[in-house]
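In what follows, every heavy atom counts, from backbone to side chain, and hydrogens, waters and symmetry copies are set aside. We count ligands from 1, going down the list as the structure has it; atoms in each ligand are counted the same way. All values reported here derive from a predicted model rather than from experimental measurement.
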Amino acid sequence: MPGTELFGAEERKEIEDVLSTGIMFRFNHDAQRNNIWKAKDFEAEAKKITGAKYALAVSNGSAAILAALAASGIGTGDEVICPPFTYIATIEAVLMLGALPVFAEIDETLCLSAEGIKKAITPKTKAVCLVHMCGGNANMDEIMAVVKEHKLKLVEDAGQAFAASYKGTATGLFGSAGAYSFDFFKIATAGEGGIFVTNDENIYKLADSYCDHGHDHVGNNRGMENHPIIGFNYRISELHAAVGAAQTRKVPAIREANLKNKAFLQKELSKVEGISFSKLGDDNGDSGTFLNILMPDTETAKRTVDEFNKAGVAGFNYWFTNMYHFINQWEHIKGLKTASKLPIQLLGAPQDYHNLDIPKTQAVVGRLISFGIRCTWTEEELKALAAKISECATKALKPVNA
Ligand SMILES: *Cc1c(COP(=O)(O)O)cnc(C)c1O
């Protein structure tokens, strides 16, 4: 959790600025705020890293993906191709907008594959919601070719992939809009926060209004602003934005340390025959937040996890059975259990969610064990971790009676 590892004087100073005026609201109050605009600062820092023309700081990454879908015109009855391996917010956002998730296959990039997307297209498909998982990047050239051929919209949930890129373009900027999360577990944190990005002025304006009760933010009398659309409240507070701005300034250094630590571990672990790693669409565009180990098969991966637990190895995720990021654990989604009726319950699910045919995804996630990279690891800690992982994996790869 690199951002949280580096919480210190810089974050405290930004918070103090806000406390010095007491203006915790991001808009208006020009006379009292002493020219302190932390949400705007956070947006400016995010634009520096991503190169996005427009950035909007919002209350969290879930709101950012919701706004990205809504501002892209995705709504009731639209089929949206989604990955079955993602943080649940992606699927929730699609459902809350009345759209219908269609699950497609991922590949060893841990993201939707072009082939998987192609197979899931129907006449009702409106969009692809691509998720750049585990800090990496999808195979964008192949995916964009399918998106263009079938005239689909692309929205990117880059919740875990801030500071990741593909051939020089930031993840999140390939389609109409993208989203990053700055929750407590990401490369940088605002405590709670998210950033919506787009290069399209109209889509930005829609998101800006959507996330603040439809306000157009023109003029300096909030009570008399126009409301071009119906929206809701997904605003970020100045206190959270203050932390987000300070943390985002640290991201280039965090990424550099992450990549160095990840490269060290990969070099050591590739000496173990049987260990391989997830792929990247572009090797140069990794944010380095996760070391993603692929074991030869699910059974070996499960044995490796058992060995880790016996040896007291910590800091890893086995998504296949132990985490909420994989469809096998989404009984509430499959059963459409809701507090109140959603459009999908009237329209019907586009697939039988209980019997999805996703063998490639099951195989990849079954083989996958991910370690969160720490940017503050010392050389001794890295060596010790590499040795422990190697030892446990070697045991798991050679069962006693083999
Ligand atoms: C973290 C995350 C989110 C949600 O972000 P929050 O800030 O926690 O709301 C959405 N999508 C992905 C892929 C994430 O990892």
| said: So for ligand 1, is S181 a polar contact partner (N or O within less than 3.5 Å, distance only)? | reply: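 Yes.
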Exercise answer: donor-acceptor pairs, residues 317-325 side-chain atoms, under 3.5 Å, sequence neighbours excluded:
{"from": "Y318", "atom 1": "OH", "to": "G366", "atom 2": "O", "distance (Å)": "2.7"}
{"from": "W319", "atom 1": "NE1", "to": "S370", "atom 2": "OG", "distance (Å)": "2.7"}
{"from": "Y324", "atom 1": "OH", "to": "H332", "atom 2": "NE2", "distance (Å)": "3.1"}

| query | Under 3.5 Å, is there a donor-acceptor pair linking the side chains of D17 and S20? | reply | no
Under 4.0 Å from any heavy atom of [X], which atoms of ligand 1 are there?
{"X": "G61", "result": "5 (O), 6 (P), 7 (O), 9 (O)"}
{"X": "V131", "result": "13 (C)"}
{"X": "A89", "result": "4 (C), 10 (C)"}

| request: May I ask you to check whether over 12 heavy atoms, not counting those of N220, lie within 6.0 Å of atom CG? | output: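 Open.
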Quick test: of every protein heavy atom, which one is nearest to [atom], and how far off is it to 0.1 Å?
{"atom": "atom 11 (N) of ligand 1", "value": "D157 OD2, 2.8 Å"}
{"atom": "atom 1 (C) of ligand 1", "value": "K186 NZ, 1.8 Å"}
{"atom": "atom 4 (C) of ligand 1", "value": "S62 OG, 3.6 Å"}
{"atom": "atom 15 (O) of ligand 1", "value": "Q160 CG, 2.8 Å"}
{"atom": "atom 8 (O) of ligand 1", "value": "D183 OD2, 2.6 Å"}
{"atom": "atom 3 (C) of ligand 1", "value": "Y87 CD2, 3.6 Å"}

| query | Okay, side chain of T361, backbone of I106: is any donor-acceptor separation there less than 3.5 Å? | reply | yes
| request: Using a strict cut-off of less than 4.0 Å between a Lys/Arg side-chain nitrogen and an Asp/Glu carboxylate oxygen, indicate whether K119 and E115 qualify as a salt bridge. | output: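 Between E115 and K119 there is a salt bridge, with a charged N closer than 4.0 Å to a carboxylate O.
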| field | Salt bridge D183-K186, side-chain N to carboxylate O under 4.0 Å | value |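 Counted as a salt bridge, because a side-chain N and a carboxylate O are separated by less than 4.0 Å.
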| query | Picking from F162, F182, Y180, F196, what satisfies ring-ring contact (aromatic ring centres under 6.0 Å, His included) with F42? | reply |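 The option that passes is F182.
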